[in-house]
2 protein chains.
Amino acid sequence: MRQDHRLSRMLHVLIHLDRHRKHATSDEIAAMLRTNPVVVRRTLGGLRKAGLVTSEKGHGGGWRLARGLADISLRDIYAALGEPPLFAIGNAQDDPDCLVEKAVNSAIDDTLGEAQALMLDRFATVTLADIAADFDRRLLDYPAEAQRFGHVHIEE
Amino acid sequence: MRQDHRLSRMLHVLIHLDRHRKHATSDEIAAMLRTNPVVVRRTLGGLRKAGLVTSEKGHGGGWRLARGLADISLRDIYAALGEPPLFAIGNAQDDPDCLVEKAVNSAIDDTLGEAQALMLDRFATVTLADIAADFDRRLLDYPAEAQRFGHVHIEE
DNA sequence: ATTTTATGTAACTTATGAAGTTTCATAACC
DNA sequence: GGTTATGAAACTTCATAAGTTACATAAAAT
């Protein structure tokens with residue numbers, strides 16, 4: 001199963017959008033994420049609908065944060081992405097007639113349900129400001145890396 | 001993302017193998033799971049390598065439990081399947097140079113790590129006997145379903 | 001011994017959905 | 001009007017569990 005990298009990418013973009021420039025075009029963000037600008041528009045489009053970012057057309061346009069990092073939790077972003085599946089495993093049949101399979105589904109659902117609750121709870125607790133603060137700490141620990149971000153660096 | 005149903009299917013098969021017959025061929029199991037016998041051999045083959053089931057060729061051959069249900073945890077089966085990925089989400093890059101992305105990965109890894117620990121712990125705790133006991137309870141609650149399993153029912 | 005029944009395995013195809021791409025419409029600024 | 005940007009539709013690619021085909025191998029029945 002191929003993994004969904006959208007949450008990870010969105011966190012990455014939004015923090016750069018706060019820390020390193022106030023707005024960026026889809027082309028610039030795509031270069032940073034090593035992907036395609038259409039993919040950026042598609043994914044950030046979901047975040048715009050959720051009110052996390054704004055976009056502007058034409059000269060000087062691009063993407064901009066709509067709130068401060070402290071006001072955006074990972075849960076907000078996950079929701080903005082349409083709450084994609086968290087797990088790579090699942091039940092073979094959703095509503096089986098077989099009582100054995102019902103018991104199996106119940107056992108698996110118990111575990112997945114607990115894990116999902118834990119994950120959503122953590123997502124709700126962690127804000128982009130928390131992650132940005134961790135970034136700041138890493139910057140202090142490795143000041144030589146201050147100007148190197150390992151990818152095409154978008155500058156104001 | 002397409003989900004991995006192997007764990008669910010294996011639980012289903014192994015409990016039937018204890019409760020409703022002592023051995024079954026790949027064809028019979030495939031009919032029960034509504035799949036292909038080669039898929040059954042492939043998947044049960046992993047469980048055989050892990051010592052959970054045995055197989056015999058030729059007349060009267062097929063698959064058989066190697067241990068009692070109480071001695072097989074979901075963790076054992078998950079391990080026998082090669083510990084496939086649990087999560088449908090993940091980091092965009094595994095070892096990024098960008099410090100922002102390192103912080104992002106760390107945040108996501110924290111949550112996924114906790115959830116994985118919870119899931120593996122639960123899997124280690126739950127045995128097939130526990131699920132079979134739940135099946136027995138369901139059978140008492142709905143005695144009319146005693147002889148109906150919702151799929152091609154393999155008989156001794 | 002031959003036939004039948006079964007697993008073992010390699011090689012290939014299919015299905016699914018994120019990701020990537022092409023193309024063009026639309027809007028804002030110069 | 002030209003340039004630069006997003007918006008969106010339509011399509012292709014990629015990864016991998018699942019499914020399929022084909023055949024080798026082994027055990028039991030005859």
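The chains referred to below are lettered A, B, ... by the order of the sequence lines, with proteins before strands, and numbering in each begins at 1. A quick note: this is a predicted structure, and the numbers were derived from the prediction, not measured.
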Open item on the list: Measure CZ/B/R41 against P/D/dA18 and give the value in whole Å, please.
Closed with: 17 Å
TODO: Give the rounded distance in Å between these two atoms: CH2 of B/W63 and C1' of C/dT7.
DONE: 7 Å
Task: Proximity to the side chain of A/R2 - top-ranked nucleotide from C/dT23, C/dA18, D/dG7 - done: C/dA18
- [ ] Just compare C/dA19, D/dG19, C/dA6 and give me whichever is closest to any side-chain atom of B/R42.
- [x] D/dG19
Open item on the list: Starting the side chain at C-beta, find the nucleotide from D/dA22, D/dT6, C/dT7 nearest to A/K57.
Closed with: D/dT6
- [ ] In whole angstrom, give the distance that lies between atom CD of A/Q3 and atom C1' of C/dT16.
- [x] 16 Å
- [ ] Among the candidates C/dT21, D/dT20, C/dA28, find the nucleotide nearest to the side-chain atoms of A/V39.
- [x] C/dT21
TODO: Run the salt-bridge test on A/R19 and A/D136 with the 4.0 Å N-O cut-off and return the result as yes or no.
DONE: yes
Open item on the list: Once rounded to the nearest 0.5 Å, what's the spacing between atom SG of B/C98 and atom NE2 of A/H16?
Closed with: 3.5 Å
- [ ] Write down the distance between CD1 (B/I89) and P (C/dG17), rounded to a whole number of angstrom.
- [x] 17 Å
Open item on the list: Both A/G60 and A/V38 contact DNA chain D. Taking the nearest nucleotide for each, which residue is further toward the 5' end?
Closed with: A/G60
- [ ] Would you indicate, yes or no, if D/dG7 has its OP1 or OP2 atom less than 4.0 angstrom from a side-chain nitrogen or oxygen of A/S55?
- [x] yes
Task: Atom-to-atom span, CZ of A/R34 to C1' of C/dA18 - whole angstrom - done: 20 Å
Open item on the list: Assess the residue pair A/R137 and A/D141 against the criterion (salt bridge (charged side-chain N to carboxylate O under 4.0 Å, His left out)); give the C-alpha distance rounded to whole Å, side-chain angles, the decisive distance to 0.1 Å, and a yes or no.
Closed with: CA-CA 6 Å; A/R137 277 191 296 277; A/D141 289 348; over 6 Å; no
Open item on the list: What's B/G45 touching, base or sugar-phosphate or nothing? Going by heavy atoms closer than 4.0 Å.
Closed with: nothing
TODO: Starting from C1' on D/dT4, measure out to CD on A/E28 and report it in whole angstrom.
DONE: 12 Å
TODO: Answer with yes or no whether the side chains of B/D109 and B/S106 bring together a donor and an acceptor at under 3.5 Å.
DONE: no
Task: Nearest-nucleotide pick for A/T25, side chain only, options being D/dA5, D/dG7, C/dG8 - done: D/dA5
Open item on the list: Quick check on C/dG20: is either OP1 or OP2 less than 4.0 Å from any side-chain nitrogen or oxygen of A/T35?
Closed with: yes
Open item on the list: Quick check for you: among C/dG20, D/dG7, C/dT7, whose closest atom lies nearest to any side-chain atom of A/R9?
Closed with: C/dG20
Task: Whole-Å distance separating the CD atom of A/E56 from the P atom of D/dT6 - done: 10 Å
Open item on the list: Output the rounded distance in Å from CG (A/N36) to C1' (D/dC14).
Closed with: 15 Å
TODO: Return yes if a side-chain donor-acceptor contact under 3.5 Å exists between B/T54 and B/W63, otherwise no.
DONE: no
Open item on the list: Between B/S73 and B/D76, is there a side-chain donor-acceptor contact under 3.5 Å, judged purely by atom types and distance?
Closed with: yes
Open item on the list: Need one value for B/R6: base, sugar-phosphate or nothing, where a base atom within 4.0 Å counts as base even if backbone is also close, heavy atoms only.
Closed with: sugar-phosphate
- [ ] Quick one: label B/D4 by what it contacts on the DNA or RNA (base, sugar-phosphate, nothing), any heavy atom closer than 4.0 Å.
- [x] sugar-phosphate
Task: Nearest-neighbour nucleotide for the A/S26 side chain, C/dG8, D/dT6, D/dT20 considered - done: D/dT6
